[in-house]
There are 2 protein chains.
Amino acid sequence: MLDDVDRRLLRYFQSDPGASAADLAERAGLSGAAGWRRLERMREAGIIRGVEARIDWAALGYAVEVSLRIALDKGEARAFDTFLAAAREVPEVIEIQTFLGRVDVRLSVLARDMAHYQQIYRDRILALPHIADIEALMLVARVHHDEALPL
Amino acid sequence: MLDDVDRRLLRYFQSDPGASAADLAERAGLSGAAGWRRLERMREAGIIRGVEARIDWAALGYAVEVSLRIALDKGEARAFDTFLAAAREVPEVIEIQTFLGRVDVRLSVLARDMAHYQQIYRDRILALPHIADIEALMLVARVHHDEALPL
DNA sequence: GATGAAAAATCTGTGAC
DNA sequence: GTCACAGATTTTTCATC
């Protein structure tokens, strides 16, 4: 499916997603057009899903991130889906994770400050359906790095 | 600091980071040059940190994501930093989170399959220093959406 | 199938106003 | 802030292997 040239392109793209296609192509030892075509093909195949904005939320006044582990009612069959649909409607919920064989869900909530977080928590989080229990942890640091994964 | 036009630009950029500056400017009701200069200013201010590649890891054969909660030794003063530095060296550890008032750390590990995960777990994770206890959860779904945050 | 070269359309980045 | 412009980039076309 992907040959070495594609993988190389992908790796360069990953480490510098802002670079021009011609640039990435050159680093992979191709002409601009050839590199562009390969990248486009990977885009169409869904391997490259595009690009995501990296925004400094703290600089915009969102200083507090809280991770919530929410246990759901075990009784109701539709509790899981109902909860997830409702959680997706809360703008400050920036991430939702679910786990194998678990009826609990992890939410990440981004808020301006503690007062704002408390407001979101009371008005939006506690209003979500089928909650059995909540555990909250305030995030101190979050390090992302999926640049080095061997392709 | 930021006026409404900046916020609008930022919002459009966030929902479509691949769009050209001219495009974003037009949507915000500006000429291309004016929009470009505003975006550039936000880039220099560090508000826009750039752009991140979105790659479909599952399509590349990375099908398993596991979330680990690792409790650290409470005794040693440097345990935290030593552990974090070592964890950052493992390519398959794609995310590290730390929490307020906690001596445990959350790692996300990306692996090709369960066999691969087990290998990473035994060879790389268990080799990390100062581990007191580990709890592992296999991720089923991860939904990201920080597009709708009110600016 | 793939590539490179070249051309056209678009975008970036700067200068003048 | 707009407008104009040169240079770079994207995207298509075409000849070639």
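So you know, we letter chains A, B, ... as the sequences are listed, proteins then strands, and number each from 1.
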*Only counting residues at least two apart or in another chain, list the ones meeting salt bridge (Lys or Arg N to Asp or Glu O under 4.0 Å) with A/Asp4.*
none

*Any residue meeting side-chain hydrogen bond (donor to acceptor under 3.5 Å, both in side chains) with B/Ser67, in chain and number order, not counting sequence neighbours*: A/Arg106

_So if I define the base as every atom that isn't primed, P, OP1 or OP2, how would nucleotides 3-17 of chain D read as a B/S/- string at a heavy-atom cutoff under 4.0 Å?_
B-----SSBBB----

*Can you name the side-chain hydrogen bond (donor to acceptor under 3.5 Å, both in side chains) partners of B/Asp123, sequence neighbours left out?*
none

*By the rule that ILVMFWY residues connect when side-chain heavy atoms come within less than 4.5 angstrom, directly or transitively, which residues belong alongside A/Leu139?*
A/Leu137, B/Phe99

*How would you list, by chain and number, every residue that makes a side-chain hydrogen bond (donor to acceptor under 3.5 Å, both in side chains) with B/Arg41, sequence neighbours excluded?*
B/Asp6

*When you measure from every atom of DNA chain C, which of residues 5-14 of chain A have a heavy atom less than 4.0 Å away?*
none

*asked:* Suppose the criterion is side chain to side chain donor-acceptor pair (under 3.5 Å): which pairs have a residue in residues 17-26 of chain B, not counting sequence neighbours?
replied: none

Please table the atom pairs, donor to acceptor, closer than 3.5 Å between any side-chain atom in residues 45-64 of chain A and protein atoms at least two apart or in another chain.
{"residue": "A/Asp56", "atom": "OD1", "partner": "A/Ala58", "partner atom": "N", "Å": "3.1"}
{"residue": "A/Asp56", "atom": "OD1", "partner": "A/Ala59", "partner atom": "N", "Å": "3.2"}
{"residue": "A/Tyr62", "atom": "OH", "partner": "A/Arg112", "partner atom": "NH2", "Å": "3.4"}
{"residue": "A/Tyr62", "atom": "OH", "partner": "B/Pro150", "partner atom": "O", "Å": "2.6"}

Name the atoms and distances for all side-chain donor-acceptor pairs under 3.5 Å in residues 73-90 of chain B, with sequence neighbours left out.
{"residue": "B/Arg78", "atom": "NH1", "partner": "B/Asp81", "partner atom": "OD2", "Å": "3.3"}
{"residue": "B/Thr82", "atom": "OG1", "partner": "B/Arg78", "partner atom": "O", "Å": "2.7"}

*asked:* B/Arg37: which residues meet the salt bridge (Lys or Arg N to Asp or Glu O under 4.0 Å) condition with it, sequence neighbours left out?
replied: none

*What are the bounds, 5' to 3', of the part of DNA chain C that sits under 4.0 Å from heavy atoms of chain B?*
C/dC11 to C/dG15

*Over 12 foreign heavy atoms within 6.0 Å of CZ, A/Arg27*: yes

